[in-house]
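Down below is the structure, laid out as structure tokens.
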Amino acid sequence: MTSVTGHADTQHPLSSSEVARIKADFEILEHPINGTDLVYLDSGATSQKPRCVYEAEQHYYETANAAVHRGAHSLAVEATELFEQARETVASFIGARSNEVVWTSNATEALNLISYSLSNASAGLGGSAAERFRLTRGDEILVTELEHHANLIPWQELAFRTGATLRYVPVTEDGALRYDLLDELVTESTKLIAFTHVSNVLGTITDVERFVQAARRVGALTVLDGCQSVPHLPVDVKALDIDFMAFSGHKMLGPTGIGALYGRAELLDAMPPFLTGGSMITVVDMEHAEYLPSPQRFEAGTQRIAQAHSLATAASYLDEIGMERIAAWEEHLGTLLLEGLSQLDGVRVFGPTDAPRIGTVPFEVMGVHPHDVGQYLDSRGIAVRVGHHCAQPLHRALGVTATTRASTYLYNTEEDVAALIAAVGSVREYFGV
Amino acid sequence: MNELDQLYQQVILDHAKRRVGSPLVEPAAAAQGESHQHNPICGDQIRVRVGLDEQNVFTSVSWEGEGCSISMASASVLSEMLPGMGRDQFLTTLDAFREMMRSKGTATPDEEVLEDAAAFVGVSKFPARVKCAMLAWVAAEAAMFGASS
Ligand SMILES: Cc1ncc(COP(=O)(O)O)c(C=O)c1O
């Protein structure tokens, strides 16, 4: 594997000078935007990539490109090896075994994969092994009001297809999850609980254990949306004791076009497939096909080989720096953001004040629409996200249609945060409010 | 003027605050129509109501909406321009506005035709904002075509 960082002192907290060295691995952060230095505070949407990540992809095409799991020639063997090594690297990054990681296009596809496998099971596919995945009228699926649309709509659709009922854990007007309602909401009818590990809008970290305990009490399956946690926090699926987890490569320094589904091996092996076709079968005749065990069972067709290799390089890069240290650095930046923004006149920060957060902070500048705030910040070289961030129900609960969101990553400096706070401080004057 | 100041010309910032034509009123007109438009990217939305007389001349325009200064100012400017305008003249003006919006900053707007709406030329340099500027115009067009007595 092409390596990587040389930021190997994993004991101490990240220092500003180390972050400056990390930042230098990201070519794009050195290019000025609108005549000033780029301050990239939109990693919640997608992260930037260090050189080693796209060099790995290029290296793959230059030295190893071939179709995997078929053909006996040397390149095919080499490509298969890299592909499966990549799976091992990413699996170990989240504490899973390698047959428990299925490649998908992104987290959205991973969540849809579960949703469609469950409706296939509900339609009677998968035989007796798939019994526990069957949903029917009277069964319940539980989500939360915090969810990204990607972890809401696939469950709405599953409910429509199976006759099950969708329920949700509401949030307070601050956006705090109503854990106090969990016991009431999780009943013998609850078959699946899907919830986010970290809110993509508020940056707040969910108490996973409370959900898992509630699910275990009634034997419900758990699906964790790891999109905003896997890139920013140490995540160990076995310690979290969840059944499934979805995440995306592009938010964790990896390339676009690849994400993954984690599932407990015994569950994945029993679930009927979603996409079918080549590469996922054992024996096929004109009437039937038999399917490989997981993960191949869920990987129909030619896979994202270069992307898998490149994503594994990203995971190794993060690992070498250390997820604990990255999380601590981002917590530090998040605190600076929260404090700095809260102190500005006419600026309101969203989210509960007592919940643990990653470096993601949504806010509102009174009297100025988020779109205008984002435009003004862009003119100063600062990239943030504005809008509903694919979480309309949460915004409704917060009483707004849109927010401005700053989100950090390991390459952000204290200066980036200071630049944002200074710029936000001059928004109202510019717009004359 | 830098690009940001061209985008947020004073006329636009003023209209965004004044919101001419808002809130909605019940038009006393021969024909009336209404349209609700939504910008799914940022959640901006607007409801425009128009009244036309027997000669297809706009007698009233009113709206309510929520959105950024560009979309709100655009609705306000349109509300100032429309009353007294005939249906065909509106369509010609709409074409000119749309063409300016597609120009990526290269158009020299015809102020005879576009009046205050010419101030939106700066928006055309920001493709992500064109939809904001168009929202009220598209709503007015749909309301007009849907108008009945
Ligand atoms: C919490 C959360 N879930 C799901 C997604 C969907 O990710 P993707 O668009 O990569 O499938 C995102 C990304 O926007 C997210 O932040």
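Lettering of chains follows the sequences in order, A, B, ..., and the numbering in each one begins at 1.
For the pair A:Asp372 and B:Arg129, the minimum side-chain heavy-atom distance is below 4.5 Å.
For residues 5-17 of chain B, a heavy-atom distance under 4.5 Å to chain A picks out B:Asp5, B:Leu7, B:Tyr8, B:Leu13, B:Lys17, given by residue number.
By the neighbour-count criterion of 12 heavy atoms within 6.0 Å, atom CG of A:Asp345 is sparsely surrounded, having that number or fewer from other residues, nucleotides or ligands. Heavy-atom neighbours of B:Glu99 CD from other residues, nucleotides or ligands within 6.0 Å: at or below the threshold of 12. With a 6.0 Å radius and a threshold of 12 heavy atoms from other residues, nucleotides or ligands, A:Ile28 has its CD1 atom at or below the threshold. A 6.0 Å sphere centred on CD of B:Glu111 holds no more than 12 heavy atoms belonging to other residues, nucleotides or ligands. The environment of A:Glu30 atom CD is dense: over 12 non-hydrogen atoms of other residues, nucleotides or ligands sit within 6.0 angstrom. The environment of A:Asp37 atom CG is sparse: at most 12 non-hydrogen atoms of other residues, nucleotides or ligands sit within 6.0 angstrom. By the 6.0 Å contact criterion, CD on A:Glu429 is open, its count of non-hydrogen atoms from other residues, nucleotides or ligands being 12 or less. Annotation for A:Tyr168: atom OH does not count as buried by contact number, only 12 or fewer foreign heavy atoms lying within 6.0 Å.
From A:Phe431, atom CZ reaches atom SG of B:Cys68 across 9.5 Å, with rounding to the nearest 0.5 Å. Taking NE2 of A:His371 as the reference point, atom NZ of B:Lys131 lies at 11.5 Å (rounded to 0.5 Å).
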Worked check of side-chain contact (heavy atoms from CB on, under 4.5 Å) between A:His369 and B:Asp44: CA-CA 10 Å; A:His369 191 274; B:Asp44 289 352; 3.3 Å; yes

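Side-chain N/O atoms of A:Thr401 and B:Glu66 include a donor and acceptor closer than 3.5 Å.
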